[in-house]
Structures are given as C-alpha cells and as structure tokens.
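Structure first, commentary second.
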Amino acid sequence: MAERSFKAEVEHLRLGEGQTFTGEGILAITKALLENGVGYVGGYQGAPISHLMDVLADAEELLGELGIRFEANANEAAAAAMLAASVHYPIRGAVTFKGSVGVNVASDALANLASSGVTGGALVIVGEDYGEGSSIMQERSHAFAMKSQFWLLDPRPNLPCITKAVRDGFELSEATNTPVMLMVRIRSCHVTGSFQTRDNQRPTLSVKDALSNPQSDFARVVLPPMSYMHEQDKIRNRWPAAETFIRERGLNEVFGPRSAPVGLVLQGGMYNGVIRALQRLGLADLHGNTEVPLYVLNVTYPLVSDEFLEFCAGKDQILVIEEGQPEFIEQQLTTFLYRSGSTVKLRGKGILPMAGEYTGQVMLDGLTAFFKDAAPGMLPAIVRAPNEDRPQIPDLTATVPIRPPGFCTGCPERPIFAAMKLVQQETGKLQISADIGCHLFAALPPFEIGGATMGYGLGPAANAAFDGGGERRPVSIIGDGGFWHNGLSSSFTNMAFNKSDGVAVIVDNYYSAATGGQDIMSSRADNPTKATKHPITKALRGIGIDWVRQVDNTYDVGRMRDVLREALTTDAPGPKVIVASSECMLNKQRREKPLAQKAIREGRRVEAPRFGVDEDVCTGDHACIRLSGCPSLSVKKLDDPLRDDPVASIDQSCVGCGNCGEVADAAVLCPSFYRADVVHNPSPLEARIARVRARVIGWLQTRRAARRLTFDGAS
Amino acid sequence: MLPDRLAGLLPDKAADPRLSGIIKLAILAVGGQGGGVLTAWIEDVARSAGYAAQATSVAGVSQRTGATVYYVEMAPHHAGDPMPVFSLMPAPGDVDIMIAAEMMEAGRSIIRGFVTPDRTTLIASTHRALAVSEKMVPGDGIASSGEVMAAADIAARRFIAADFDALAIANGSVISASLFGALAGSGALPFPREAFEAAIRAGGKGIDGSLRAFGAAFDVAANPADQGVAPRPAPRQVPRVLGPARLLADWDRLVARVAAMPVPVAELALPGLRKVVDFQDLRYGAAYLDHLAKVMARDDAALGWRLSREAAKYIANAMAYDDIIRVADLKTRGRRFDRIRKEMRVKDANLLHLTEFFHPRAEETVGLFPAKLGAKLEADPKWMARLDRWFNKGRRLRTDSLRAFLTLHLIGGLRGWRLRTLRHAQEEAHLALWLDRALSHVAGNYDLAVEVIRCRRLIKGYSDTHKRGFSKFDRVLEATAAVSGRDDAADWCRRLREAALKDEDGKALDGAIATIRSFA
C-alpha cells in the first residue's frame, strides 16, 4: 500500500477527446502515456517520480482494460531491461525512475538498449532529483544520453508541454530507432495545471499478441561484430535522423523578436524561471511575450547545429542557461560556433554559477549581469543604477536551527538505533556503513550512526574491506527495500562468498518506506497483483548465511541491544545478520487508525496507548531525547521559578509505540515516563473492577492528603 | 555573482502592468503539518474565482519532519486567453504572501528573503515544533522566538501572528485549516470568505472541524487589534495551601519568616519553601530557612541580595533531591491521576490503565537503608552485586491496579524514614560542602560565590545521568578553584557551567577546562 492513494485521481485518466484535465504533472504524464498507445509500463519508485509508480499501480484496472502490462520492477536495471520488448516489436514501452541514481543503476541495460536500437517507441521517464528537496548526490542524467547515444527531452514545465513531449518522445524514438529519455525536474513532477485530453489508445500490438508471434534478429544483439555496426548506425543514421526530426517537427522553440543584439539559449526546464526573471526586469509580459529572443531546447541532446546557428545569426552575444555541471550544452554550442567560424560571443557559466540550482535569485542576478554587460540599453534605469534603501533585517541565521528530515513519530527504526547507541557506549565507536532509505536519518543527531552510503543495496558491500574482521566487527545497515533492490546479490552474496566476519542489520519495516510505502517481496500485506510475504531470513539461509537472528519487535530496545551485542561477540564464523522487523508507523497508522475509530464507534473494546511525562519527576537532562529524537517527544519550559531547564514533554501526536518506556528502561534513565492506555468500551466486569480499585485508591489518596500540607496548583 | 541588493528591485514602470496581478504565495511548513492540503485549498479558491493558478511542491523524503516549501501563483484569467507563465519556485524579494506554519520556519522564510517590507504579508504560527538540535541539549537549547518576532516586524509589510496550532487543536482540527482561515481573514487574497469555506467543503474530509478552526483563525487575522504580537504569558497561579489546622498554623509561621526577608530573596524563598515542605515536612522547611538565613547573614543589601536569591532557589532544589520515596509519592497522588485523565482526554465511559517504568539499581536500593548500614553495604562489592541481582531490573508497574499502587503508596509514605537513610546523609553532606565552598568566596569575590551556588544546576537526572551530573559539577568546581584567585574567576565559572550544559559527553567542558589549564 503506497503512502498516497491516487484511486480518486485515476478516474481523470479516463477523460476523452476535447476534455480538460486539471491536476498534477505526474498524473498528466500517465494520461499522455495512455493517449499514445503505450503497450507496457514499468519502473522503480523514488522521489520525485514515486507518485508516478503509485498512480500506475492504482490504475492497474484501467491499464488492464486497455491491454497494457504494468510491472513494478525490482529495480531500475530491471525496468530499463524491460524496454527490450521494444527492440524487435513495434510496441511502445515506457519505464520510469529517478535520476541520476536510478539511471546509474539502469545504465548497463540502457547502454545495451541504445546499442541494439528499438523498433517500437521506448521512453525512459526520469524524475531528475536535483536542487532543493533532493535526497541524492547532485549530478546530471545528461551524461548518460551523451555516452550511450539516446535522445534527451527537457520540456518546458507546464502540462501541455510535458504531455506533448510524451507524444514527441515516442515518435522521435520510432523515427530514429533510438530510446528517448524524458527528463522532468522535481517541481515539474508536482506542478499543477491543465491540458486538453484525447481518447486513450489501445496499443496497436499488445505484449500478449507479441508473445504469440516471437521475433528475433541477431543483428540486434550486442555481440561483435554487430556491436561495431551499432556504433556506426548510431552516428551515420540515427543521429542525423534525429536532427531532421527535431527540425522538421519543431521540437525546439524560438520566442521573441527575430532580430536583437542578444539572445538566450536555455533548457526547456529553465523556461519559466527565465521568463520570471525577464518579467522582473520588464523584458517580458504576463504571458511570456519577451523582448529578448529565446531559443528553448526542449531536446537537450542531440543539439542541432544548423538550428542553433540560425538563431545566433545577427546577434552579438548569446547567453546559455544550463543548470548543473559540467556545462555539456555550452561546450557543444561553443564548438558549433567555432567550427562555423562565427564571431558571436557565447556566455554561460561564469555569468551564471557552474554548480547549484538556478533559483529565482540566481536567474535574476545572472540575467541582470548579462544584460548590463551585453545590452545595457534594454534594462530599465532602476536596475542599471539602483538607489533604493532597504531596511536592515536582523540576521537570524544563528538563531534558526536546521531542520533536516528525520524519523517519523513512532518510527520502528528509532529503537534499533537507540540500541546501537547503547551498544556503542559499551564497545566504543564501531565502524558502521549505511545504505539508502529512511534508516540513513540515523546518521544525523541524535544518533549519528553510519559514516558512509555507497548506493542502494550496497550498505554491507561498503564494508567489504573490513570483512576480514579485527578487534571489533564492522557493522552495516541496510533496509528491506535495499535488500530486495540489489542488496541480496551485491551485499549478502558478497558477504557469504567472502566469509565475511561482519555484522549486518536489515531494517525491515514491511515496505519500501522511504519512497512512499510501496510493497516489496517481504511485505506482510496481501497484494492481489504481487507476490508478498517472502521472509528475508529465508533468502539469507538460501545463500548460505546461517547466523541469522530475527527480531520481531524492534521496540524491545533491551532485546535489540542484546542481539547486537551477541552478533558482535559470538564465535560463529561467517556473516552475522540481524533482521529487525516492525511495521513502518506511517503506514501502520494509516491502516489501523480508521479501523480503531470504527471499532470504537461500533462499541467494541479498543485500547489506545499514549505516553506521558511526569514533569515534576523529569529533571530536564534530556537523555531520553538523545536516545530517541521522536517528533512527539519534545521539551517545554515550566512556569516554575526554581527550574532552569525545560523538561521533557510528549504531545498528542504520540502513537504509543513504546520506545520512550523501553529506552528509559534499557538505558536506566529515569522514572518520569508513563504509558496511559485509554480503554474504550470496556466490558461491564472490567468496569466494575476498575471502579472498586479506583474507590480504594481514592480513599488512600484522600487519607494521605488530609494528613499533610498540599499545595493546590503546584505539583 | 551580483550583490543581492539587486534583489527585489522590481522596475514597476517598465514591467508588464498586468504582472502586478500575479499573486505569489509561499508556504513553509514542517512535514506532517498538512501543507499539501492547504496548498490544494488555496488553488481551489483561486480557480473557482476565475483565476489561473499553479502550485508546486517538493514532496518526498523532506516531508519526514523536515522543512518543506509549497508555492502557489495565481492571476486573473479569462477563458480563451493564453495562460500566464508562472514560476515554479519562490524568489527572494518576490513573495506577496508568506505563510509559516511554525515560528522558526517564519525565521527561515525571512532568512531566505521571502519576506520583504515592500510587499509581503507574513502569516505565522507562533507555536514551536522544536528541532532535534534544540531538544537534545542537556541544558536549555530552545531557540529564541523573540528574535524571530522582532525580525518579522521589520521584514514584513504586514505581520499576522498567533498560535494557529493551538487554535486548530482547540477546534478539533489541524493547523492547515487554521492557517487557511488566517489567510482568508488577512484579506491578502481578493476572494470572499464563502469561497474559502467552499474549498474546505469540496475537500470532503473532517469538514466540521476544519470549518471551526478556519473560523476561529479568520477572526484572529481579521481583527489585528485583538491580537498581541507577543504571546501573553499566563498569570502565574498562586498555589492554595490545604491541610490540617495545626500544620497550617506552623506553615503560616514559616511563611512569616519568608515575608520578613528582602523581596528579591522572598520571591524565590516562598516557592523554595513550598518545594521542600512538599518533599518532606514543615520541620524540613524550617531547616531550609535556617540554611538560607546563614547565607543571608553573609550577604549584603548593597549587592542586591543576589547571593541569597540564588541560594533560595538552589538550596531548595538540593534539599528536594530525587529519591525513590519522592518519585513514589509523586506518582501516587490523587491530583496526578486527575491531571493524566484530563491530558489523555479520558471520558467517563473509558477506563485508564497507567503503566510506570521503573528501573531501580543497587545504588538506589542501598540509598534507602539506614546511613551506617547502607554505607557499609555500598563499600562492599559483593553485597552490591547481590543487591543488583535482586533489584536491578526494569519494572513496569500498573498504578491503576491495587498491588502496584499499594507498593508505591507505601514507599511514598516512607518520608518519616527518609532522614535516616544513606541517601539523605550523602545529600546533606554534599549540600554542606557546596554551601561552605560558595560562602568561602563571599569576602574575596562575591560574584564567584554566586556562580558557585548556581553550579547546583548541573546536578540532575537519575542513575547514570545523575552520576554524570555530579562529575560535571565536581569538575567545574575543581577548574574554578584553579582560577579562583583571578578577577575574572566568576566569569570562568559561568563559562564552565554553560559548557557543561552543552552536550552529554562534556566535550565542550573538556575544551573549557583545557583552556583554563593553558594559563592557570
């Protein structure tokens, strides 16, 4: 079950000819795939295209009606490999994953696909995870298009343009026998807007029909000598065909006056940012009508020399606006100018920064600097010589704390790292490597556990140099998502084969949680279209790892600590693997909360746990927080002149996971925590016993209170 | 790069006059606050009013309690016209309405330049969702909301601030609804109230609660006169004293002693007296006042009674130490049960189960023994190991059940025994040592004496935490002793104490001590 349900929105995918779709970019892309007769779709989740996978999963019924096959692939490599169906068959296929890490994983399959060439349109939709909000290293997918020779679309970020790019992409792919990558940036994935829909199309050839009539052609296989021919084919035929298609179909766009001393060349994805900067400089209007010529590259690879040189003709200077580094496009365009003997001056990186996101401010500063230098007459006077005084706003950078993402309230991973912190208090600091996923938040305070992440499924592999062991064993962490993505083969067979002495902890939260709670092999949920409930421990034993400990309740901090200690000290040879399993709290709450509320309404007995802190028992040391970090466990200042430091406090968002009590116990902290279970609809007997108890307890309390001074309003 | 003074210099004359029709609205929220819902409502209002609107967000991992930005642009639009070109992200100096769903996020929006005096209406919730870095400090690491409020007053054209979180909770809803109400009430968007409410109704979930929270926040934002910019501190409740007449008469005598003290001392001596009497009994309260009297005898009105004032606070804290008896007493009081029922919103038809988490070690157990016997056992590792075996384990006690309640009730009733225990002897000795040490500086360096008194703040917590506190206390006083001859000794003592409160392991304290060693 994914974090967000698109069941309601999926109905929009049925809109027909001439209707208007209004919604999010991701959904619009899905609709465009259906309108363009796609025969199969697949992919692997990850921001920012997780929702695209979720939409597809929620739309499986509709896909089935249209005869479209949907695969939730095991990883990006598997997704890219699936496009092989378009090599011999005239079937349109699309897969999606995030860039650049997904493209890294998929690069082997993508390279082979590009070498073989395709018959049916093959579209790779990449959610480029770059800039603010990104969760990965900052790189570009662009380089992959260059090295493997497939074409890269970077459309203007509005729904009509993005959906048109889907159609263009398929047609370009078929016209050039080349896979096409459609790049959408983080914000374009979630941008809202409208576009005119068309009827959905059934694929002209379905994958089922293709299976009845298998095709093969050894000329398409990447083996010598065909692979040498593929390379020649790319350069002699496919590339020129692509240039022709791009020109004839006008995939790139030119805006603004035909003649002007300066011009801007930009990636399609930069268009809105550029227009906004021009608007602020008084050089464009509300609808984007601009006084400066723009050459918008909706196709960023390949670049078309003739088209570009035509745009440059008669201009003194052009500015290339290309986000990310290195400046592939700028270099290529510079070469075009040089080879043609042009005297047009090309500006780019230098005026604009080489690295980092092109935010509104960066764009405004860059364009202002360019115009000041290249065409000062175009700028309004106030920009040329600003004279406005702005009030001094106090600097708050030292005051406002950073707020990186972290574990959710009640997260079952928190107690694992609390236990690990306790073990490290005994053993000293351990060599710990981490993987990709929610567990990576443990690297941040208050846990500060894990010093490296080398990629999805590679946590234990990243400790391979330490496999031989030493005074203390190395520890690696990996999530269940990473385990099934790539970890089983790359990390665990690696450990088993090399007789690793290391410890690996598999954080099993029943989902691919960080990407939005999609089901995976070991998920406990019933999934009508996927095979779930395959225990990780079984897979481990299958590859010959014998020291495996299954912990079914990660909130038992004491047990977690003991198992970790055992793994670090046992004499058993070979890898020591702990599978720590408890359900992702976000998903659990989403599932159970409505059920509990329904049960309460229907008069069934329900216990609702929540934790609390006795503030007069808490001394304000915050040791509990250093072993938890739960968002619902906070601190508050008391209205007590005798107290200096704020005391711990639990707010009503507490889900009663139990970590606070367990940590207080295992770490021998303090007795200020209590758990309150509110019993709804108790049985009559239970209620009667409780009444008797309450009467006795109340009598004792009143008796004692009567014999002493009590300060009403104080503690 | 250009200097950022170029930012926000919108050449109004030259720009398309229709551009001023674009309303740019950013929302800075903490994951889980419903920023997505709020964004969708705003879009709906705009579209239903015939505007073209575009929203963007950065969903994904950053929602997991991280700070995240939502952004909406809208402009009047007639059917058939080309669509306006909107930006996908807010730019510094170019935001009309900034909604910050938390006080430090308001600060972050100011840092990022999204709030400017020429145009921005800032709507901020004054409540705090503390960042981990603020919570994990052993002392007080909470960032100053006051600084953000002051900056917002300067940075924003209009500043609407209230605790919209509390407002939402009070109305059975979440902050997205109250912020939506504040946005409507601010009048910053050219749409009528009904249009906003229609958007909530169209959303379909938790409509009644959302509308109540919306309405409450609407009123707050629409009537800025009623709203204090700084949150008003609730008046401190003066506790009533209840009890048998004989005890009340004795209490009044003690209160009279406090009343005779200079005001700065009495202000803290009265709560201090309450604390120690509540901890033990009236005679103990008298002992507290005796300790304080000794300090006052060495103090000086000309110096503002600073030493006695601090002593009034910290002697009370030292005398009301945290032992098992106190914890058991506090946990079994009737008022605690009432408070928890209220906090947990237990209705009459519900039952409440209460589980306490205890983990007494041999040290706590032996602390309950008579001082001499306890000291002997404590010195004997064999006995300590035995006691550890018997007592050292996590105990979960159900205080709503008779057995566990009685156990704790009995322990809580051991106050008569307390003064004979090992723990009490240890605490008393430590108190005497600490006071002597502080008073020894009075003549030579009054400020240092005050700072030494304040070092009592370092001792807190239970078991290991308590031990760590003690060791920090000792190390601070030891390092202070090394510089006690210097004029700036008081300042060093303060710095050492503050360093000790910075982190758990005492790294900052190590650094400070190393600095002292380098010259002392």
Side-chain angles (χ1 to χ4, degrees), chain A residues 47 133 135 186-187 190-192 272 275-276 279 282 285-288 360-361 365 369 380 382 386 393-394 396 399-401 403 405-406 445-446 619 621 623 625-626 629 631 634-635 642 644-645 661 664-665 668 670-671 673-679 682 690 697 701 709-714, chain B residues 2 9 11 14-16 18-19 55-58 60-62 64-67 82 84-85 87-88 91-92 104 107-108 111 130-133 135-136 139-140 143 147 151 155 237 239-240 242-243 247 274 313 327 334 344 346 350-351 353 355-359 394 405 457 460-463 465:
Chain A
S135 53
I186 296 186
R187 287 182 182 79
H190 302 295
V191 75
T192 58
N272 289 38
I275 290 294
R276 172 51 45 86
Q279 286 171 341
D285 72 8
L286 177 64
H287 300 109
Q361 189 66 47
D365 291 347
I382 190 162
I393 296 169
L396 294 172
T399 307
V400 176
R403 201 189 295 274
T619 60
D621 168 73
I625 286 164
R626 292 189 290 275
S634 191
V635 297
L642 301 179
D644 295 300
D645 296 318
D665 178 0
V668 199
C670 80
F673 286 100
Y674 62 84
R675 192 180 73 219
D677 294 276
V678 178
V679 184
I697 288 173
Q701 285 169 333
L709 288 181
T710 52
F711 299 95
D712 198 17
Chain B
L2 283 169
L9 299 177
D16 179 1
R18 282 170 301 171
L19 281 180
T56 55
S57 62
V58 181
V61 174
S62 54
R64 310 266 190 280
T65 71
V85 179
S87 173
L88 279 75
M104 284 304 133
R108 203 180 314 282
I111 292 173
L130 299 179
V132 171
S133 59
K135 298 194 285 190
M136 61 185 278
D140 181 0
E147 282 178 42
Q237 218 182 330
R240 275 187 309 145
L242 305 169
L247 296 182
R274 268 198 297 266
K313 172 176 174 181
V327 173
M344 299 291 164
V346 183
N350 303 145
L351 298 184
H353 293 175
T355 310
E356 320 288 347
F357 295 80
F358 282 96
H359 196 143
F405 181 85
R457 179 179 176 187
K460 52 183 175 177
Y462 299 77
S463 58
T465 317

Given a strict heavy-atom distance threshold of 4.5 Å, which part of A:A676 is in contact with chain B: side chain, backbone, both, or neither? both
Validation row: A:V679, B:H353 side chains within 4.5 angstrom (heavy atoms): yes
Does A:P445 reach the side chain of B:M136, with side-chain heavy atoms less than 4.5 Å apart? yes
A:L642 versus chain B, the contacting section by heavy-atom distance below 4.5 Å: both
Non-hydrogen side-chain atoms of B:F357 and A:P671 separated by less than 4.5 Å: no
Are the side chains of A:D644 and B:K313 in contact, using a 4.5 Å heavy-atom criterion? yes
Is a donor on one side and an acceptor on the other found under 3.5 Å between the side chain of A:R675 and the backbone of B:T355? no
Hey, does B:K460 have a side-chain heavy atom less than 4.5 Å from the side chain of A:D645? yes
Do you know which of B:G394, B:S133, B:S87 has the most heavy-atom pairs with chain A at a distance under 4.5 angstrom? B:S87
Which atoms of B:I111 approach chain A - backbone, side chain, both or neither, heavy atom under 4.5 Å: side chain
When you measure from the side chain of A:H190 to the backbone of B:V58, do you find a donor-acceptor pair of N or O atoms at a distance under 3.5 Å? no
Beyond-backbone contact of B:T56 with A:T192, side-chain heavy atoms, under 4.5 angstrom: no
Using modelled atom types and a 3.5 Å cut-off, is there a donor and acceptor pairing between side-chain atoms of A:T619 and backbone atoms of B:G461? yes
Expected output: side-chain B:R108 to main-chain A:P401 donor-acceptor under 3.5 Å: yes
